[in-house]
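Encoded as structure tokens, the structure appears first; notes follow it.
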Amino acid sequence: MALVHNRFDDQTIRMSEATAGDFFALLKPRVMSLVVFTAFVGMVAAPVTINPFLAVVAILAIAIGAGASGALNMWYDADIDAVMTRTASRPVPSGKVTPHEALTFGLVLSALSVMTLGVLVNWLSAALLAFTIFFYAVIYTMWLKRWTPQNIVIGGAAGALPPMIGWAAVTGSVSFESVVLFLITFLWTPPHFWALALFKSQDYERAGIPMMPNVAGEASTRRQIFAYSLLLAPVGVAPWLLGYTTIGYGVVSLALGIGFVWYAWKVLQMPDSDRVMKPAKQLFAYSLLYLFVIFAAYLADSVIERVFALGGA
Amino acid sequence: MSDKDLVTLTEKQKKARRSRNVAIGLALAALVIIFYLATIAKFGPGILDRPL
């Protein structure tokens, strides 16, 4: 009897047809671009600088770490991704990548990104990156997402950490200024995802995910969206109020915050009979613009302040 | 070894495997370059100037 059977006609053996592009899709490139951007803002806003090449390495490691947590999320959530229209074409539910491949890919990249950041930049930022991956893949994906309607409220911490990681990569510490940057994304997450959950509630219902509209109802969700927008608007302006930025950022963030509350107000006014939910779709689109512009304003403010400081020196 | 023991890849599988191999090759080359340059950046040219 042979010890090794090379029975390749066995139906259980599958030759992969996954391309590099399919593996890249596992990294959730669009989420990754937001992570890279906010982490970069955290690095530039920091009061000190590091070698530019090490800064590039830090950004790359943070991006790969964020992508790895996305791959782990797609491995674990393949069953619910398959029944939701928004996610059915992802590499695992569409059969292009096997769950085992996605898991291995996610674990290898997690270890590689954390070790690279630790060895080449510093271990505080590496520890924060490791915590972010753990929080997103284990606390959010495996536990909160299928258990409580507060899933994206608590889980939002994972998406909010990158500016703190960027700050820690440069300074080797965590300061209140970086905590304020964390709070902006943290408080932005619930109204952003609940606006989506309002007009995609049937998708979430089919997948059995306890999103707020499916559990507490649409009216309660609309009220909570408005409440969070009232919290977010002043926190967005806080960097100026606390003296971290110039009035330029203050004006932009105030205008953005008023716009956010206005769109959230329109969602609050939305009648129960409205099935098109245009105000929720408008708030969702506006929230993406809000986050991008507020961080871009912070970035521009930090760069301008630094240029003036150099000119005055 | 009989023909039954061998795997004949389809064109699609061959193309996918090549795409994965190229990506892995590029990633490994990038890692080598990153660690080389980062070592110079962290320690400076002094890393080459050691007493024998």
Side-chain angles (χ1 to χ4, degrees), chain A residues 2 4-27 49-64 67-68 91 94-98 101-102 104-105 108-109 111-113 115-123 126 169 172, chain B:
Chain A
V4 178
H5 293 279
N6 291 328
R7 293 186 55 232
F8 291 117
D9 58 333
D10 188 333
Q11 290 303 304
T12 58
I13 293 174
R14 172 188 169 279
M15 301 311 295
S16 180
E17 286 183 2
T19 63
D22 294 324
F23 281 95
F24 185 68
L26 281 177
L27 302 177
T49 53
I50 54 168
N51 181 296
F53 183 73
L54 293 180
V56 172
V57 170
I59 288 285
L60 197 66
I62 295 167
I64 299 293
S94 64
K96 291 174 190 157
V97 175
T98 65
E101 285 168 340
T104 310
F105 188 60
V108 168
L109 289 190
L112 191 71
S113 59
M115 294 305 286
T116 303
L117 195 59
V119 170
L120 298 183
V121 183
N122 64 53
W123 287 101
Chain B
M1 191 180 278
S2 72
D3 283 350
K4 203 178 171 184
D5 294 333
L6 299 171
V7 176
T8 309
L9 295 179
T10 63
E11 271 312 303
K12 198 176 175 188
Q13 285 166 343
K14 277 185 193 166
K15 217 173 154 186
R17 184 177 65 178
R18 181 164 175 73
S19 144
R20 295 196 301 269
N21 289 348
V22 168
I24 291 169
L26 289 175
L28 287 174
L31 270 178
V32 170
I33 294 167
I34 284 170
F35 272 83
Y36 179 77
L37 292 179
T39 307
I40 304 285
K42 265 182 94 75
F43 300 102
I47 196 165
L48 301 173
D49 187 22
R50 292 190 307 167
L52 293 172

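Just so it is clear, the values below take in all heavy atoms, side chains as well, and ignore hydrogens, waters and symmetry mates. Per chain, numbering begins at 1; letters A, B, ... match sequence-line order. This is a predicted model, so every value here is computed, not measured.
Heavy atoms closer than 4.5 Å to chain B are found in the side chain of A/Leu54, but not in its backbone. No part of B/Ile24 comes within reach of chain A, as not one of its non-hydrogen atoms sits under 4.5 angstrom from that chain. In this structure, chain B has no heavy atom under 4.5 Å from any part of A/Val56. Within the 4.5 angstrom heavy-atom criterion, only side-chain atoms of A/Leu112, from C-beta onward, approach chain B. For A/Phe23, the part lying near chain B is the side chain, with the backbone staying farther off; criterion is any non-hydrogen pair under 4.5 Å.
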For B/Thr10 and A/Glu17, run side chain to side chain contact (heavy atoms under 4.5 Å, CB included): C-alpha distance rounded to whole Å, both residues' side-chain angles, the deciding distance at 0.1 Å, then the answer. CA-CA 9 Å; B/Thr10 63; A/Glu17 286 183 2; 4.3 Å; yes

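The two residues B/Val7 and A/Met15 make their nearest non-hydrogen contact at CG1-CG, 4.0 Å. A pairwise comparison of heavy atoms in B/Ala23 and A/Ala20 identifies CB-CB, 3.6 Å as the closest pair. Considering all non-hydrogen atoms of both residues, B/Ile34 and A/Phe53 come closest at O-CE2, 3.6 Å. Closest heavy-atom contact between B/Arg20 and A/Thr19: CG-C, 4.3 Å.
The CG atom of A/Asn51 sits 11.0 Å away from the CD1 atom of B/Ile40 when rounded to the nearest 0.5 Å.
Within 6.0 Å of CZ on A/Phe24 lie no more than 12 heavy atoms contributed by other residues, nucleotides or ligands.
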